[in-house]
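Encoded as structure tokens, the structure appears first; notes follow it.
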Amino acid sequence: MKKKIVLLDCTLRDGGYYNNWDFSKNLISKYLKSIASSGVEFAEIGFRSLESKTFKGACAYSRDSFIKNLKIPNSLKVGVMINASELLNHKTKKPIENIKLLFKNKKSKIKLVRIACHYFEIEKTLPISTWLKKRGFKVAFNIMQIAERSDKEIEYLGKICSNYPIDVLYFADSMGSLKANKIKKIILLLKKFWHGELGIHTHDNMDMALINTQVAIENGVTWADSTVTGMGRGPGNSKTEYLVLKYQNEIKKKVNILPLLELIKDEFEPLQKKYKWGTNPFYFLAGMYGIHPTFIQGMLNDVRFSSLDILSAIEHLKSVGGKTFNKNLLDTDKKMYFGKCEGKWSPKSKIFNKEVLILGTGPGVNEHKIAIEEYIRQKRPFVIGLNTQRSIDEKLINVRAVCSAFRLLTDRKKYKSLRQPIVLPLRRLSKDVNNYLASNTLLDFG
């Protein structure tokens, strides 16, 4: 007899990283009906969050007042996810007190509560499972970035989780970097002490989400996450429509995929054209180097980043460590030019009443090299080369202007060999960068 598979669709939660969890009521209504018809047992409506510093849609909070107005089919159970970091850091910093703030209503349509934890958070958060179980919730813990943990640490996770009333223990391939052998090993290590149900959440950085989910199921995992068309943070996740087709004989419920296919055509294909989730070479590299996919998503959605900038950023993140998403790293460029900044150098005397020629880094400079050099020699403009532009005779360039902080970090060796003065906001840069460029002539531009 084939084992039964439980499919959990988390489109409204994971997909919210693209549209700020602001799904229309009409889409949610059609989604719930379609997912229920397709045989999916659980739909994760979104996060339940204590944070509300900026605007986010209803699925970022999934409050009972919002959920009670949804027409949820009888055959579909709904759940929410909570970030352990919020439970550990909000106000009292006591998880058990903070979980009470999130579940004040005794009558709730929520059936499943899932806690997303990093390794160092799980032991402190586990006691809330007892409180949640007493209130009738099914409880799941989701271990993030498990690929970074040692064998002993994974065994330990299985051991400590076995001491609490958890229904499902999930592990997430957060970087989309796991391979079949590693997945098999993780399952074996967890099962050494954990004898309950296992679940998997995969990311599609390297176009392996579906295959990795299948490998996990073949090796004893019975809960599988997915999203419609794979809509999810970064490159996205396993596609719900594919898992339904693949495991329709192992799903507990009757399967009718037609409403889901119509939902994809009417609602999610237009969304995908707009937000462009799905794997690409940048996500593939992020998966190879263990870089958090949100870095890539942020750069792809920012017009300031060219393909070369993204590659440079990946090189930088590879060296400094990009396993944990840090918005400050991604905002390096923005911070470099944001707000007032004092500087000791001014270009006013150099460019007043003069022609100024700015040389970018595109192919046109090299293509018209001879004409540009002739123009400079004849007209004598003040020439500013952006970043490490070296297509033309360097003697013709007056100064270099740093206009990409990522490029400065990743091309430090190239900058060090430049002969021209380098224009940059010194006070916005780290001491390490200043020390590294100490042999260069630096012009502190505020």
Side-chain angles (χ1 to χ4, degrees), residues 8 81-89 93-96 113-130 132-133 139-203 205-206 208-209 211-225 233 237-238 286-294 317-326:
L8 185 154
M81 176 176 274
I82 302 168
N83 283 317
S85 57
E86 289 190 26
L87 297 176
L88 292 167
N89 298 313
K93 296 187 177 182
K94 295 179 180 178
I96 197 67
V113 177
R114 194 155 60 142
I115 314 297
C117 300
H118 287 99
Y119 176 79
F120 57 88
E121 296 169 332
I122 193 164
E123 195 161 10
K124 297 174 184 176
T125 317
L126 278 169
I128 68 168
S129 61
T130 303
L132 288 167
K133 286 296 290 183
V139 180
F141 269 69
N142 186 28
I143 307 163
M144 297 185 288
Q145 298 185 4
I146 200 166
E148 308 307 316
R149 308 270 55 100
S150 68
D151 291 359
K152 285 188 177 180
E153 287 173 331
I154 295 172
E155 276 189 10
Y156 180 68
L157 288 172
K159 187 175 184 179
I160 59 174
C161 287
S162 66
N163 296 322
Y164 290 88
I166 299 171
D167 295 284
V168 192
L169 181 59
Y170 263 88
F171 63 93
D173 180 14
S174 303
M175 308 301 178
S177 60
L178 286 179
K179 295 180 181 177
N181 288 340
K182 180 69 172 178
I183 291 172
K184 293 176 186 178
K185 190 174 186 180
I186 289 169
I187 293 169
L188 286 173
L189 291 169
L190 289 172
K191 280 187 170 183
K192 188 169 182 179
F193 295 102
W194 172 259
H195 304 299
E197 293 193 81
L198 285 172
I200 189 167
H201 178 94
T202 58
H203 280 178
N205 297 59
M206 303 178 76
M208 296 284 287
I211 294 171
N212 285 343
T213 301
Q214 184 176 332
V215 168
I217 290 172
E218 289 171 353
N219 286 273
V221 165
T222 54
W223 285 60
D225 275 15
R233 177 152 59 171
N237 314 99
S238 284
M288 281 179 60
Y289 299 133
I291 295 169
H292 203 290
T294 301
L317 292 168
K318 185 174 71 171
S319 61
V320 302
K323 292 181 174 63
T324 301
F325 178 63
N326 181 343

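- Qualifying side chain to side chain donor-acceptor pair (under 3.5 Å) partners for Lys133, counting only residues two or more places apart in sequence or in other chains: Asp167.
- Residues passing the side chain to side chain contact (heavy atoms under 4.5 Å, CB included) test with Glu123, sequence neighbours excluded: Tyr156, Ile160.
- With sequence neighbours excluded, the residues that form a side chain to side chain contact (heavy atoms under 4.5 Å, CB included) with Lys124 are Leu88.
- Taking both residues in full, the closest heavy atoms of Asn219 and Lys191 are given as O-NZ, 3.6 Å, listed atom of the first, atom of the second, then distance.
- For residues 156-166, no residue pair satisfies the salt bridge (Lys or Arg N to Asp or Glu O under 4.0 Å) rule, not counting sequence neighbours.
- For the side-chain hydrogen bond (donor to acceptor under 3.5 Å, both in side chains) condition, the pairs that include at least one residue of residues 170-190, sequence neighbours left out, are Asp151-Lys185, Tyr170-Asp225.
- Partners of Glu153 by salt bridge (Lys or Arg N to Asp or Glu O under 4.0 Å), not counting sequence neighbours, listed by chain and number: Arg149.
- In this structure a side-chain-to-backbone donor-acceptor pair under 3.5 Å is missing from His203 to Asn205.
- Applying the side chain to side chain donor-acceptor pair (under 3.5 Å) criterion to Trp223, with sequence neighbours excluded, gives Glu197.
- A search for side chain to side chain donor-acceptor pair (under 3.5 Å) contacts involving Asn83 returns nothing, not counting sequence neighbours.
- Lys93 pairs by the side chain to side chain contact (heavy atoms under 4.5 Å, CB included) definition with nothing, not counting sequence neighbours.
- In this structure Ser238 satisfies the side chain to side chain donor-acceptor pair (under 3.5 Å) test together with Thr202, Thr213, sequence neighbours excluded.
- Of all heavy-atom pairs between Phe171 and Ile183, the closest is CZ-CG2, 4.3 Å.
- Heavy atoms only, all atoms of each residue included: Ile166 and Trp194 are closest at O-CH2, 3.4 Å.
- Qualifying side chain to side chain contact (heavy atoms under 4.5 Å, CB included) partners for Glu155, counting only residues two or more places apart in sequence or in other chains: Leu189, Lys192, Phe193.
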